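Have a look at the structure below, then the notes.
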Amino acid sequence: MTVDYVQAIKEQLHEKDSNQTEFLQAVDEFLATVTPFLEKHPEYEENNLLAILTEPERLIQFRVPWQDDQGKWQVNRGYRIQFNSALGPYKGGLRFHPSVNLSILKFLAFEQIFKNALTGLPIGGGKGGADFDPKGKSDGEIMRFCQSFMTELSKHIGPNLDVPAGDIGVGGREIGYLFGQYKRLCQYDAGVLTGKPLSFWGSLIRTEATGYGVVYFVNHLLAYNKDSFEGKRVLVSGSGNVAIYAIEKLQQLGATPISCSDSNGTIIDEAGIDLDLLKEIKEVKRERLTAYKEARPEAIYVEGSLWDQDVAAEIALPCATQNEINLEQAKQLVKNGVKVVAEGANMPATLEAAEYFIDNQVHYCPGKAANAGGVAVSALEMSQNSQRLTWSKEEVDQRLEDIMKNIYETCRDTAKEYDAENNYMLGANIAGFANVAQAMLQQGLV
Ligand code: GLU
């Protein structure tokens, strides 16, 4: 029976990778939804495709030595996970954060396979990063770290092989330093990284793409349900580029985003987030959110998670990091009136929280569908780089919106097809998996 096959794959992985909790969580969520698809397509079970799919094609781990401003040598651990290349070159961001380890990067790379497949663009799944903490580091330290990181990474990437981009802790500044070092070591090859600054081969709208994309996704969902953002109170967590540009698009569409957060605390601003102030603090001054409260005393600042605050809202967009919403917090959100949860971050809801949302008629939009706008515009950046052309802001934005609409409709329709209406988790997993599985089989499962 197919359920037994899926269960056996799960048990094997839990035994082999017992310490990789985040990776197992991502795989468990995926496996919990794909049985009905596998029953319709027996060729995948016959060929043991799940066992092959859950094993990364290649894992690269390396040391990153660098010198701090005091002249002392430091070392961090660098990684690149090349998980699946059935649909194209490995594609996915680099994360610089002290929590980074193999489990977290494997979960992110695994999610990326299906996210990238859902965009409909020719990109495989990968992820990388380092347990380096950019917080409090000088520009010079960041530059020396990026140069050392790229000295090793450059041996493993290329425009037709593996194209990294940003993620937590890696933005335009870091991509610039990484690109400079790649150029020095290899050759000028613009398409080797995406999320590049606009001054050299970057794409318009790439910075905004993930945040705009998650809001476009929800906008289509609301429209389909004869509703809109007009007058809605929205909880947003995080204060990186995903949160900032989600807030921007929410305001453009008539909603009131009332919160943002960083790893220390949460801002609740009942009048609506002051976007110019937030951008100034985060993008220009690179300060903490306590500076927001200082500049705007009427806002509330509390230490701790947004999801522990008892505030009424209709929509929640978790845009910070993995596992930021647990079951108890999910229950409180539902009690406080939240009807839509769309993930700007990767896996911000635990599996129990996600299942609670689905079981309680919340429109739960998983990250691999709702936050695909970032990587989608990365793929558009690759197209522009290949053409040696720059598309207008309007053109990229329109393509982004079309892609998000298409992903929403695909998840919705796939869920319906499998008698699981409104279960976008199932819809996203099956629709993404269907493309990858077919390509893998057609390529001889290599
Ligand atoms: N890090 C982003 C993500 O989680 C973007 C990756 C990319 O642009 O390649 O999808």
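In this text the structure is predicted, and so the values were computed from the model without any measurement. First listed ligand is number 1; within each ligand, the first listed atom is number 1.
Closest to atom 6 (C) of ligand 1 among all protein heavy atoms lies G93 N, 3.5 Å. Given atom 10 (O) of ligand 1, the protein heavy atom at minimum distance is K115 NZ, 2.8 Å. The shortest contact between atom 8 (O) of ligand 1 and any protein heavy atom is with S378 OG, 2.5 Å.
Using a cut-off of 4.0 Å between Lys/Arg side-chain N and Asp/Glu carboxylate O, K405 and E409 are scored as salt-bridged.
Polar contact check, N371 against ligand 1: no nitrogen or oxygen pair lies under 3.5 Å apart. Inclusion of G166 in the set of residues having an N or O under 3.5 Å from an N or O of ligand 1 is warranted.
Closest heavy-atom approach to atom 5 (C) of ligand 1 among the candidates R206, E381, E111: R206.
Ligand 1 has G92 within reach: a non-hydrogen atom of the residue lies less than 4.0 Å from it.
Taking the six-membered ring for Trp and thresholds of 30 and 60 degrees, Y212 and Y216 have ring planes more than 60 degrees apart, a perpendicular arrangement. Between Y424 and F217, the ring planes are perpendicular. Angles over 60° get that label, and only those under 30° would be called parallel.
Here T210 has no heavy atoms under 4.0 Å from ligand 1, in either its backbone or its side chain. When non-hydrogen atoms are compared, ligand 1 lies under 4.0 Å from neither the backbone nor the side chain of R95.
Against a heavy-atom cut-off of under 4.0 Å, A165 is close to the following atoms of ligand 1: 7 (C), 8 (O), 9 (O). Close approach of ligand 1 to K127 is summarised as follows: ligand atoms under 4.0 Å from at least one heavy atom of the residue are 1 (N), 3 (C), 4 (O). Near K91, the atoms of ligand 1 lying under 4.0 angstrom from a non-hydrogen atom of the residue are 7 (C), 9 (O).
In this structure, D167 CG and L94 CG are separated by 8.0 Å, a value rounded to the nearest 0.5 Å. Put simply, CD on Q398 and OG on S392 are 10.0 Å apart, with the number rounded to the nearest 0.5 Å.
Aromatic rings of F83 and F110 (six-membered ring for Trp) have centroids within the 6.0 Å cut-off, being under it. Between F433 and F30, a ring centre-to-centre spacing shorter than 6.0 Å is recorded.
One N or O on the side chain of E381 and one on the backbone of G195 form a donor-acceptor pair closer than 3.5 Å.
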